[in-house]
Amino acid sequence: MHEDYKKLIESGEYSHTICISKVKPRKYKIGEEIEVLYEGSDDSFPAQVTVKKIDKLK
């Protein structure tokens, strides 16, 4: 992430935000892209999901 996630959520810039607890940011460098496959979503903001698979994209 390029910015603190709390600031992004509070900014209201994104209408759909998902909190993914199993992603460890220190495993990735700024600019890397990942694909997260998940199921379910609750109605909170940010939404909470169950992660099924995480892949680093090239």
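Reckoned from all heavy atoms, side chains included, excluding hydrogens, waters and symmetry mates. Since we're looking at a predicted model, the values are computed, not measured.
Glu32 is linked by a side-chain hydrogen bond (donor to acceptor under 3.5 Å, both in side chains) to Lys56, counting only residues two or more places apart in sequence or in another chain. For Glu39, the side-chain contact (heavy atoms from CB on, under 4.5 Å) partners at least two apart in sequence or on another chain are Thr50, Lys52.
Atoms CG and CD, from Asp55 and Glu33 in turn, are 13.0 Å apart once rounded to the nearest 0.5 Å.
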Exercise. Output, in order, the C-alpha distance, side-chain angles, deciding distance and verdict of side chain to side chain contact (heavy atoms under 4.5 Å, CB included) for Leu57 and Ile34.
Key: CA-CA 5 Å; Leu57 304 175; Ile34 61 172; 5.8 Å; no
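Looking at heavy atoms from C-beta onward, Ile54 lies in side-chain contact with Tyr28 at the 4.5 angstrom threshold.
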